[in-house]
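Reviewing the structure listed below.
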Amino acid sequence: MAAAAVSAAPVAKCLRIRMFSLLIFENWDVRFCCSARYTNSMLSDKLVQAISPQSPQGTSPNRPVPTQIDSRSSVTMDAIKSYILRHGLHPGDRLPTESALCADLGVSRSSVREALRRLQALDIVTVRQGSGSYVGEMSMQPLVETLVLRAALDEINGAQSLHAIIDTRRALDLGIAVPLTRAMKGTTNPHLWELVEAMTEYAHTGSTYLEQDIQFHSGLLAYVENELMHQLVAAMWLVHQSVTPQLAAASRQEMEDTAEAHAAILRACEAGDLEAYTAAVEAHYAPLLAIIEGR
């Protein structure tokens, strides 16, 4: 079977994410994903509270109390999302003008503008000056930037957050084990082997190989027809790399072990060997966990 074509475009797009930009998010309000106002599937307040992050100290006295304007803006945000769903719009599709939205949703122009601004921060809407508003890419960028900030605020120099991120990356890699080894069985992948060789050479000189690493994992995911998985893996990789500089540098041996683990993953995939793939993934993350745990 011919080698899989690996596009550099998604990788470049991910690497262009501004990791440390500070955006104002919706505090992970679960209504962003499953509001009854635009899914027609009511969630009780008790369930929303159960699955939303809670502060152990309760509400901070310094936290601003939501105003009536905030409430109107949130309702308008949900109404715009409902409009996108009702009309079957997709990323890049144009939204109605502000005046048309005001008339259709029965809200003021100021509420529409504020809602569009907040939706733009979430990459649900893109506002182009002089052109209008469009459905956004709905990428993982807000998730990445939130997790990066959260890791930066971690008490123990990001180690705890990084451990959780590595556990998540490991779970994702193991989660695609069956479809990936089935899809890659019997294939040849010279481009991926070139990346492995480059990683090995960099490791021998004590140099890092971040670009080759993300290209390698993106190349494997090219065999798995799951766009959400692509975005999740790229997001976790970006958060991982943003926190790594806070930790002790990897030794040359650890970098060589990690490079060899990539080679083992690729061998297992091309052989369709599920057991070998699982062992290689565990070996891939072992040096990273050793650095975090100070072993």
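A quick note: this is a predicted structure, and the numbers were derived from the prediction, not measured.
Residues Asp104 and Tyr83 come closest through the heavy atom pair OD2-CD1, 3.4 Å. Here the closest heavy-atom approach between residue Leu192 and residue Gly219 is recorded as CD2-CA, 3.9 Å. When every heavy atom of Ser133 is checked against every heavy atom of Leu116, the shortest pair comes out as OG-CD1, 3.7 Å. Nearest heavy-atom pair across Val135 and Met138 is CG1-CE, 3.5 Å. Annotation for Ala263 and Trp193: closest pair O-CH2, 3.6 Å, computed over non-hydrogen atoms. The nearest pair of heavy atoms linking Ile124 to Ile84 is CG2-CD1, 4.4 Å.
Met236 has its side chain out of reach of His217: every pair of non-hydrogen atoms, C-beta onward, lies at least 4.5 Å apart. Annotation: side chain of Met199 is in contact with side chain of Val196 (closest heavy-atom distance under 4.5 Å). In this structure the side chain of Glu114 never reaches within 4.5 angstrom of the side chain of Met77, judged on heavy atoms. For the pair Ser74 and Arg118, the minimum side-chain heavy-atom distance is below 4.5 Å. At least one side-chain heavy atom of His262 sits under 4.5 Å from a side-chain heavy atom of Asp213. Tyr209 is listed as a side-chain neighbour of Thr258, based on a closest heavy-atom distance under 4.5 Å. Put simply, the side chain of Glu270 reaches to within 4.5 Å of the side chain of Asn189, judged on heavy atoms.
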**Q.** Leu266 and Phe216: CA distance, side-chain angles, deciding distance, side chain to side chain contact (heavy atoms under 4.5 Å, CB included) verdict
**A.** CA-CA 9 Å; Leu266 185 51; Phe216 177 85; 4.1 Å; yes
Q. Run the side chain to side chain contact (heavy atoms under 4.5 Å, CB included) check on Met255 and His204 step by step: do they pass?
A. CA-CA 8 Å; Met255 287 191 288; His204 287 331; over 6 Å; no
Q.
Set out, in order, the CA-CA distance, both residues' side-chain angles and the distance that settles side chain to side chain donor-acceptor pair (under 3.5 Å) for Ser108 and Ser110, then state yes or no.
A. CA-CA 5 Å; Ser108 67; Ser110 61; 3.1 Å; yes
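Between Lys81 and Asp78, at least one side-chain N (NZ, or NE/NH1/NH2) sits under 4.0 Å from a carboxylate O, which counts as a salt bridge.
The backbone N or O of Leu228 lies less than 3.5 Å from a partner atom in the side chain of Asn226, making a donor-acceptor pair. One N or O on the side chain of His230 and one on the backbone of Val224 form a donor-acceptor pair closer than 3.5 Å.
Residue-environment remark: CD (Glu225) stays at or below the threshold of 12 foreign heavy atoms within 6.0 Å. Surrounding OH of Tyr202 are at most 12 heavy atoms belonging to other residues, nucleotides or ligands under 6.0 Å away.
In this structure, Gln120 CD and Arg117 CZ are separated by 9.5 Å, a value rounded to the nearest 0.5 Å. Atoms CD1 and OG1, from Ile265 and Thr181 in turn, are 12.5 Å apart once rounded to the nearest 0.5 Å. Interatomic distance, His284 NE2 to Leu289 CG, rounded to the nearest 0.5 Å: 10.5 Å. The CG atom of Leu232 sits 10.0 Å away from the CD atom of Glu227 when rounded to the nearest 0.5 Å. Taken to the nearest 0.5 Å, the OG1 atom of Thr200 stands 10.5 Å off from the CD atom of Gln212. Atom-to-atom distance recorded for Leu195:CG and Ser218:OG is 10.0 Å, nearest 0.5 angstrom.
Tyr134 and Leu95 sit in two unconnected hydrophobic clusters of ILVMFWY residues. Membership requires side-chain heavy atoms under 4.5 Å apart, directly or through other members. By the criterion of side-chain heavy atoms lying less than 4.5 angstrom apart, applied directly or through intervening Ile, Leu, Val, Met, Phe, Trp or Tyr residues, Val178 is not grouped with Leu221; the two fall into different hydrophobic clusters. Cluster annotation: Leu174 and Leu172 are assigned to the same hydrophobic cluster (Ile/Leu/Val/Met/Phe/Trp/Tyr, side-chain heavy-atom contacts under 4.5 Å, transitive).
Donor-acceptor pairing under 3.5 Å is lacking for the side chains of Thr97 and Ser99.
Under the salt bridge (charged side-chain N to carboxylate O under 4.0 Å, His left out) criterion, Arg182 pairs with no residue at all, not counting sequence neighbours. Under the rule for a side-chain hydrogen bond (donor to acceptor under 3.5 Å, both in side chains), the partners of Glu98 that lie at least two apart in sequence or sit in another chain are Arg109, Arg113. By the salt bridge (charged side-chain N to carboxylate O under 4.0 Å, His left out) test, Arg94 is found to be paired with no residue, residues two or more places apart in sequence or in another chain being considered.
Taking the ring centre of Tyr285 as origin, the terminal cationic atom of Arg169 falls outside the region bounded by 6.0 Å and 45° from the ring axis.
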